[in-house]
Number of protein chains: 2
Amino acid sequence: MIHSYNSQDKALLAVDCIIFGFDKEELKILLIKRDFEPQKGKWSLMGGFLKRSEDLDQAANRILHHLTGINNVYMEQLYSFSKVNRDPVERTVSVAYYALINTEEHNEELTQQYSAKWFNISEAPELIFDHDKMVKKAISRLRYRTSTMPVGFELLPQKFTMRQLQKMYEAILGEKLDKRNFINKINALDILHKTNEKDMESSKKGSFLYMFDEEKYKRKAADGFSFKL
Amino acid sequence: MIHSYNSQDKALLAVDCIIFGFDKEELKILLIKRDFEPQKGKWSLMGGFLKRSEDLDQAANRILHHLTGINNVYMEQLYSFSKVNRDPVERTVSVAYYALINTEEHNEELTQQYSAKWFNISEAPELIFDHDKMVKKAISRLRYRTSTMPVGFELLPQKFTMRQLQKMYEAILGEKLDKRNFINKINALDILHKTNEKDMESSKKGSFLYMFDEEKYKRKAADGFSFKL
DNA sequence: TCAAAAGTGTTCCAACTACACCCATGT
DNA sequence: ACATGGGTGTAGTTGGAACACTTTTGA
């Protein structure tokens, strides 16, 4: 049994980010066309390598920022993928992170300055390496998180309608929800603030805009959410 | 933006295992006295380094087997810990795994051949590095898993009493459960087989022994458990 | 006047909780 | 005979699910 540190194999440590967005109807992921070998030209998650001077959370944020200009978003470590030949060039272990971002705020820059593109979850192309597995796992984690805390305000603009919120949950969960039950439950949580503005784009009648109330949220969060739609 | 693989930093990849056991009354973890520097002599999780020829799951199993003689147990990847100075000797990222094992089957060998020792969760000594954080995270994952599938048959001997099962859940969840409600819920799941043997050790009357029914379980598992105590 | 989305409550049923007494046996 | 843990059922409450009509207004 040899325990000396320097007789051990080392590996490259990559970080790959699954970036979720939501755009009125569909849950989306952000992909880039890989501009280096191997698999140049194929679609890929946002990825990079861990540096000696940073931890994984920092690396994930740096990589996201670097490839998209985005900063300060919700990110969470997902899982580490380590099949021996997952990357054909080098032995690489990849730690996957997922993030939730608001597509409206971040659309232009992304698609223009960076060669990133949003894809509907259901229409995404095949990805390199084991990235498809990562996405699958991220979706299931996102669904779980849904029942744990009121996820996904990160995915919407600051002001949003009940209908948008509902559609977002439907997109995440992959099922239709009842309109009245949904509103009742959301209201029961008591973490929204109803503005007196209306969004006139989606209908003739117009629908009220709501905002997420951080104060109320924090008070609730203290004694632990549990939350089912 | 440099993408060449060989200009990247490499890191040591460690695997640390949180081994849970259950012994009549208390949830336990298995620790070893570290026999090499740094922090020689302090208590530690079971750990080792990833080899070039194996993936993380394999490494976790190898390490567990190597340090305890145990094979074929339930293990699951938990989280990767990566603070820059978490290990003072080398930049090391550690992937934590947790396992559930039956203490009765594995007690002798462990404490004798290997210098491993079981500690009650509440009485465990302070551990090296960030291992305490790992344990905390593992417990919360274990609690979650409890509501997802009938966890913890791994922790009991093949035949067990209702009371043992209940105590195990109480130990995991850290709260008392109502005897009658507990039995009703377990029976509603319909995954146990009642033998006609009795365990005479715990009481004068003796209590029936149950077994986990894998067939029934598999049929249920197909359409997704959801399970609350 | 019609089409399209917004808004709004009630009833029913299933699931969870709380709760107390008798039984079998060894000492 | 008594002390110890084993075993059993019900009533009340709560939370989730199903469900349909009226309102507003732009075209």
Side-chain angles (χ1 to χ4, degrees), chain A residues 23-26 143 146-148 150 156-157 159-171 173-211 220 223-229, chain B residues 23-25 143 146-148 150 156-157 159-171 173 175-211 220 223-229:
Chain A
D23 177 18
K24 311 277 184 214
E25 295 289 336
E26 281 257 24
R143 283 183 185 157
T146 266
S147 64
T148 292
L156 293 171
K159 295 178 183 177
F160 50 85
T161 66
M162 276 290 180
R163 193 48 55 95
Q164 279 175 283
L165 186 62
Q166 182 180 345
K167 287 219 165 124
M168 185 199 69
Y169 273 101
E170 289 176 342
L173 298 173
E175 57 182 317
K176 289 265 168 253
L177 300 171
D178 179 88
K179 183 167 50 160
R180 282 175 288 186
N181 291 340
F182 180 81
I183 292 174
N184 289 156
K185 282 179 198 173
I186 295 290
N187 284 335
L189 284 177
D190 189 31
I191 49 170
L192 291 189
H193 169 70
K194 185 179 193 169
T195 69
N196 34 20
E197 299 166 68
K198 283 193 163 192
D199 167 55
M200 300 307 295
E201 287 185 16
S202 60
S203 76
K204 333 226 153 150
K205 186 176 174 183
S207 56
F208 282 105
L209 288 164
Y210 290 78
M211 289 175 65
K220 305 260 159 185
D223 29 72
F225 270 106
S226 171
F227 176 111
K228 233 195 121 193
L229 299 167
Chain B
D23 177 18
K24 311 277 183 210
E25 294 291 336
R143 283 185 184 155
T146 266
S147 65
T148 291
L156 293 172
K159 295 178 183 176
F160 49 86
T161 67
M162 276 290 178
R163 192 48 54 96
Q164 279 175 282
L165 186 62
Q166 182 180 345
K167 287 218 165 126
M168 185 198 69
Y169 273 102
E170 289 176 341
L173 298 173
E175 57 182 316
K176 289 264 168 255
L177 301 171
D178 179 89
K179 182 168 54 159
R180 281 175 290 187
N181 292 341
F182 179 81
I183 292 173
N184 289 157
K185 283 181 197 171
I186 294 290
N187 283 335
L189 284 177
D190 189 31
I191 49 169
L192 291 189
H193 169 70
K194 185 178 192 169
T195 69
N196 34 21
E197 299 166 66
K198 282 193 165 193
D199 167 54
M200 300 307 294
E201 286 186 16
S202 59
S203 77
K204 334 224 152 153
K205 186 176 173 182
S207 55
F208 281 106
L209 288 164
Y210 290 78
M211 290 175 65
K220 306 260 158 182
D223 29 73
F225 268 105
S226 171
F227 177 111
K228 233 194 121 192
L229 299 169

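Only a predicted model underlies this, so the values are computations on that prediction, with no experimental measurement involved.
- Atom CG in A:Leu189 sits about 10 Å away from atom P in D:dG16, given to the nearest Å.
- Inter-residue side-chain proximity for B:Lys185 and B:Lys228 is flagged as unmet; no heavy-atom pair is nearer than 4.5 Å.
- Note: NZ (B:Lys24) to C1' (D:dG5) measures 15 Å, nearest angstrom.
- Rounded to whole Å, the distance from CE on B:Met200 to C1' on C:dT27 is 14 Å.
- Atom-to-atom distance recorded for B:Leu165:CG and B:Ile186:CD1 is 5.0 Å, nearest 0.5 angstrom.
- For the pair B:Lys176 NZ and C:dC19 P, the computed distance is 17 Å after rounding to whole Å.
- Under the 4.5 Å side-chain criterion, counting only non-hydrogen atoms from C-beta, B:Lys220 is not in contact with B:Leu189.
- Between A:Tyr210 and A:Met162 there is a side-chain heavy-atom pair separated by less than 4.5 Å.
- Distance CZ (A:Phe182) to P (D:dA18): 16 Å, rounded to an integer number of Å.
- Side-chain atoms of A:Ile183 and A:Asn187, non-hydrogen and from C-beta on, do get closer than 4.5 Å to each other.
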- prompt: Reading nucleotides 1-17 of chain C 5' to 3', which nucleotides get B (base under 4.0 Å from a protein heavy atom), which S (sugar-phosphate only), which -?
  reply: ----SBBBB-------B
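- For the pair B:Gln164 and B:Lys24, the minimum side-chain heavy-atom distance is below 4.5 Å.
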